[in-house]
Number of protein chains: 2
Amino acid sequence: MDLPGQVNCETCTIRSCAVEVLDQQELDILKTNCAGAVFDRNERIFQQGSLSSNIAYVKTGLVKIHKNGPSKDQILKLVKPPRFIGIPTVLGDKVNHYSATALMPTTVCFIVTSTFKTLIMRNGKFANEVINSICQDELTFYDRSINQMQKQIHGRLADALLFLADEIFFSDTFDLPLSHSDLGDYIHATRESVTRALSRFKADGLIQVKGHRISLIGKDMLLKISKLG
Amino acid sequence: MDLPGQVNCETCTIRSCAVEVLDQQELDILKTNCAGAVFDRNERIFQQGSLSSNIAYVKTGLVKIHKNGPSKDQILKLVKPPRFIGIPTVLGDKVNHYSATALMPTTVCFIVTSTFKTLIMRNGKFANEVINSICQDELTFYDRSINQMQKQIHGRLADALLFLADEIFFSDTFDLPLSHSDLGDYIHATRESVTRALSRFKADGLIQVKGHRISLIGKDMLLKISKLG
DNA sequence: AAAAAACTATGATCTATATCACATTTATAG
DNA sequence: CTATAAATGTGATATAGATCATAGTTTTTT
């Protein structure tokens, strides 16, 4: 983890909707209580169970949010920037209830929790934007949950591939940022099942695989598989 | 659905943490933009897909939050009062992304969305409490999701029974507020599997069943089953 | 460059739970 | 009070995907 440290929120080009509504004085408060950091692939941004006094703002890269379950670690969601993560730590116990790990080189700003809270208290528009953001996450997660529960593995894998192409990489060809094992934790399947399902997609001409590079060539079919579950 | 209509937030004894921090003027705003309603068992409080200009505050009773999935309706969570539901409709489209249905006689206050938003903008403490509440929901839902995914049916059923006893009814004996079919939608199982699992619990002396009345008599064992999945 | 570790591939088998089918009981409505 | 619908109980069967086993491949470390 590299620490460029000092950041300048006034000139930052990747500001969140929430920060966008802050006035000059509030930007100053933010700026002096905010530190930038860069994480490499597979570096932990914060760890479930550890105390935290920061909210993280993911500026670039890709992050997995994951949590220990009764039998194994599970990836709750992939977070694409720009996005706040770890807001629930503003709550009483200040303990991270889940972990966040970079899946590719990722830049993050850490905002002191008390500063974040101050901004919420001070600026209603800021609070409102934060609420919007959390609510959006909530709805997305509900959808994902239901899909995970009701679709079978091919549908879930198609969902994941389409998500990566359309929401993360904005291209039908991309380097898979997750190992099969991680992909399994994400779509709730075993490593073996992921491998088999990918092989199946490959055999059926829906995707092309060269090393980690994947191309969605039968996107219409993938969409159909995603729909039918 | 009965409509007592006019409510008095100042004298209300079941106020949320959020409303607790409002000043006199804000309470007046709230009071004049708030209507009470009573719902019977199985009455819909709001419907997925329909436009809404209200946030609902559940004062008493029990509510299921459910949503259509690719293959069937799924119960995302059971909400015990006091709790706001439907906050995500403050978002752009103002469409309910899920349904809410009363599982027993339930009293609800509807707050005009724009008023809710006004209060967020005006009073930082209010916004902060709202954020706390949403975040708490988020964490609870993460836990539930992971449990649903990783435990098998006996563990999931044990979870549900323990939740009803400990969090909803505060008693080890209670009337099951859900049909086996609903319980299936909640713990992600078929009606038949729920019946079988309940029979098993009964046969093993973990629960006692008389009509809809259920008694958890082997709670330590249920806890063990919940833990082991 | 060699050794170790992590990841991927694929077959054989097993199992939890869905699905289907039908009977019985309990609620609701006329 | 009877008819009709909804909910529950239980067996037989099917199956998606887990688990186990073993081998090959790629990546990382020394």
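In what follows, chains are A, B, ... by sequence order, proteins preceding strands, each numbered from 1.
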TODO: Assign each of H188(A) and K202(B) to its nearest nucleotide of DNA chain D by heavy atoms, then name whichever residue's nucleotide is nearer the 5' end.
DONE: K202(B)
Open item on the list: Could you report the tightest heavy-atom contact between E167(A) and K80(A), atom names first, then the distance?
Closed with: O-CD, 3.2 Å
- [ ] Rounded off to whole Å, could you give me the CG-to-C1' distance for the L183(B) and dA6(D) pair?
- [x] 17 Å
Open item on the list: Please pick, from dT17(C), dT8(C), dA27(C), the nucleotide with the shortest atom-to-atom distance to any side-chain atom of Q152(B).
Closed with: dT17(C)
TODO: For a side chain to side chain contact (heavy atoms under 4.5 Å, CB included) with K64(B), tell me which candidate from D185(B), L103(B), L76(B) qualifies.
DONE: L103(B)
Open item on the list: Rounded to whole Å, please give me the gap between NE2 in H212(A) and C1' in dT28(D).
Closed with: 13 Å
Task: Distance test, side-chain N/O of S199(A) to OP1/OP2 of dA9(C), below 4.0 Å - done: no
TODO: Let me know the distance between CD of Q150(A) and C1' of dT17(C), rounded to the nearest Å.
DONE: 16 Å
Task: Distance below 4.0 Å between T195(B) side-chain N/O and dT8(D) OP1 or OP2 - done: no
Open item on the list: Whole angstroms only, please: what is the NZ-C1' distance between K210(B) and dT26(C)?
Closed with: 18 Å
Task: Given dT27(D), dT10(D), dT19(D), the nucleotide with the shortest approach to the side chain of E192(B) - done: dT10(D)
- [ ] Would you kindly give the CG-to-P distance between L157(A) and dA16(D), to the nearest whole Å?
- [x] 16 Å
TODO: Measure from CG on D185(A) to P on dC7(C) and round the result to the nearest Å.
DONE: 11 Å
TODO: Could you state the atom-to-atom distance from CD1 of I187(B) to P of dA16(C) in whole Å?
DONE: 16 Å
Open item on the list: Please pick, from dA18(C), dG17(D), dT19(C), the nucleotide with the shortest atom-to-atom distance to any side-chain atom of A189(B).
Closed with: dA18(C)
Task: Proximity to the side chain of S179(A) - top-ranked nucleotide from dC20(C), dA18(D), dT8(C) - done: dT8(C)
TODO: Take atom CG of L198(A) and atom P of dG17(D), then tell me their distance rounded to the nearest Å.
DONE: 14 Å
Task: Polar side-chain contact R200(B)-dT17(C) base: donor and acceptor under 3.5 Å - done: no
Task: Smallest separation among heavy atoms of K67(A) and H97(A), with atom names - done: NZ-O, 2.8 Å
TODO: Report the nucleotide, chosen from dG17(D), dT17(C), dA12(C), that has the shortest atom-to-atom distance to any side-chain atom of I153(B).
DONE: dT17(C)
Open item on the list: So, under a plain 3.5 Å distance rule, would you say the side chain of R191(A) forms a donor-acceptor pair with the base of dA9(C)?
Closed with: yes
Task: Side-chain N or O of T190(B) closer than 4.0 Å to phosphate OP1/OP2 of dA18(C) - done: yes
Task: N54(B) to T113(B) - nearest heavy-atom pair and separation - done: N-OG1, 3.1 Å
Task: Identified side-chain hydrogen bond (donor to acceptor under 3.5 Å, both in side chains) counterpart of D159(B) within the set K151(B), K227(B), H154(B) - done: K151(B)
